[in-house]
Colleague: 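My questions will all concern the structure given below.
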Amino acid sequence: MKKLFAATAVIALSVLFFTGCKKAEKKSAAGTGSEETGSRLTRAHRINSNSNLKQIATMLFIFEADNGRFPADLSELNLPGDLLTAPYDKKSKNGKSSYIYLPGRIKVTALRAPGKFPAVIEDPRRLPELSTTLSVLFVDGHVESLNVSKVNESSPLDIAELLISRMDNSDKEQFAAVIRKNAGK
């Protein structure tokens, strides 16, 4: 039954993922001629990074369906290296990831508001210069781009604190320490 659920989840998430990518591509292609190449490149990188995060979400859901919990870290998912490196990231080498995994071995059923619980964030130290947004994958599978002024000057712990402030109070009390610990790695 779990295998059937996992397979169904993969198919459903794949359909949502590809639909979302096509909409984002159309939106990107509809830009005006006066836009600078740099902003189009940044937008393309953002779409690609969000795509990576959605694929990571799919793998998290499959892992959770098979094991009853999220993994301790992203290495348990055995993801390909190109999925863990964002397209703009020229700093990540030797298996370093562009993303930071926050929850640890949580059980999704223990959360009151999974849509407010961050799972994976882009590492702000690896974002392109002058970036003003940072993508976040939440436990429920959705990805948000957060506007953060001076994001390149922010530490992962700064971003974690911002996200903790947005969490449901009961989840915050129970899991804030784990998120802070994983953001500080």
Side-chain angles (χ1 to χ4, degrees), residues 9 12-13 16-17 19-21 23-24 27 42-43 45-65 68-74 76-77 79 83-84 86-89 92 97-185:
L13 287 170
L16 289 172
F17 163 72
T19 304
C21 284
K23 286 180 183 175
K27 220 180 207 183
T42 301
R43 195 172 31 216
H45 287 168
R46 173 80 38 228
I47 290 168
N48 191 286
S49 186
N50 287 355
S51 168
N52 286 356
L53 288 170
K54 289 178 182 183
Q55 290 177 64
I56 291 170
T58 301
M59 297 306 293
L60 285 170
F61 289 140
I62 292 170
F63 187 95
E64 197 264 340
R69 62 169 175 80
F70 269 29
D73 57 48
L74 290 177
E76 278 191 72
L77 297 177
L79 297 168
L83 189 60
L84 292 174
Y88 54 76
D89 188 353
S92 289
S97 177
S98 305
Y99 306 102
I100 298 171
Y101 179 70
L102 298 174
R105 293 181 178 186
I106 62 161
K107 291 187 177 188
V108 178
T109 55
L111 299 175
R112 287 191 62 151
K116 292 183 178 181
F117 195 101
V120 181
I121 62 171
E122 290 180 298
D123 189 335
R125 301 165 296 192
R126 301 187 190 295
L127 290 170
E129 287 185 38
L130 307 175
S131 291
T132 58
T133 60
L134 175 121
S135 293
V136 179
L137 167 66
F138 289 86
V139 170
D140 70 348
H142 83 277
V143 175
E144 282 183 31
S145 291
L146 299 179
N147 289 322
V148 180
S149 64
K150 298 183 181 178
V151 70
N152 296 96
E153 297 172 17
S154 300
S155 72
L157 197 52
D158 295 332
I159 303 302
E161 289 298 337
L162 171 70
L163 293 166
I164 288 168
S165 72
R166 299 175 57 188
M167 288 173 60
D168 181 83
N169 283 337
S170 63
D171 290 342
K172 190 184 304 186
E173 291 169 13
Q174 191 173 359
F175 298 106
V178 172
I179 290 174
R180 285 185 187 106
K181 176 185 164 208
N182 290 334
K185 285 183 179 178

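These figures come from a predicted structure and were not determined experimentally.
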Colleague: Excluding sequence neighbours, so at least two apart, what forms side chain to side chain donor-acceptor pair (under 3.5 Å) with Asp158?
Modeller: Ser155

Colleague: Checking the side chain of Arg46 only, and the main-chain atoms of Ser145 only, is there a donor and an acceptor separated by less than 3.5 Å?
Modeller: no

Colleague: Under the side chain to side chain donor-acceptor pair (under 3.5 Å) test, which residues partner Arg180, sequence neighbours left out?
Modeller: Glu161

Colleague: Test of understanding: with salt bridge (charged side-chain N to carboxylate O under 4.0 Å, His left out), list the residues that count as partners of Asp171, not counting sequence neighbours.
Modeller: none

Colleague: Only counting residues at least two apart or in another chain, list the ones meeting side chain to side chain contact (heavy atoms under 4.5 Å, CB included) with Val108.
Modeller: Glu64, Phe70, Val139

Colleague: Ignoring hydrogens and angles, write down the donor-acceptor pairs under 3.5 Å from the side chains of residues 146-153, residues two or more places apart or on other chains.
Modeller:
from, atom 1, to, atom 2, distance (Å)
Asn152, OD1, Leu130, N, 3.4
Asn152, OD1, Ser131, N, 3.3
Asn152, ND2, Leu127, O, 3.0
Asn152, ND2, Pro128, O, 3.0

Colleague: Quick one: list whatever passes side chain to side chain contact (heavy atoms under 4.5 Å, CB included) with Arg125, sequence neighbours left out.
Modeller: Ile100, Asp123, Pro156

Colleague: Which residue pairs satisfy the ring-ring contact (aromatic ring centres under 6.0 Å, His included) criterion with at least one member in residues 129-164, sequence neighbours excluded?
Modeller: Phe138-His142

Colleague: Glu144: what forms a salt bridge (charged side-chain N to carboxylate O under 4.0 Å, His left out) with it, not counting sequence neighbours?
Modeller: Arg166

Colleague: Tell me every residue that passes ring-ring contact (aromatic ring centres under 6.0 Å, His included) with Phe117, counting only those two or more places apart in sequence or in another chain.
Modeller: Phe175

Colleague: Under the salt bridge (Lys or Arg N to Asp or Glu O under 4.0 Å) definition, can you give me all pairs with a residue in residues 97-108, not counting sequence neighbours?
Modeller: Glu76-Arg105

Colleague: Applying side chain to side chain donor-acceptor pair (under 3.5 Å) to Tyr99 and Ser49, what does each step give before you reach the verdict?
Modeller: CA-CA 10 Å; Tyr99 306 102; Ser49 186; 3.0 Å; yes

Colleague: I'd like to check the side chain to side chain donor-acceptor pair (under 3.5 Å) partners of Tyr101; sequence neighbours left out, ordered by chain and number.
Modeller: none

Colleague: Show your working on side-chain contact (heavy atoms from CB on, under 4.5 Å) between Leu84 and Ile56 and close with a plain yes or no.
Modeller: CA-CA 9 Å; Leu84 292 174; Ile56 291 170; 4.3 Å; yes

Colleague: Just to verify, what does Phe63 make a ring-ring contact (aromatic ring centres under 6.0 Å, His included) with, not counting sequence neighbours?
Modeller: none

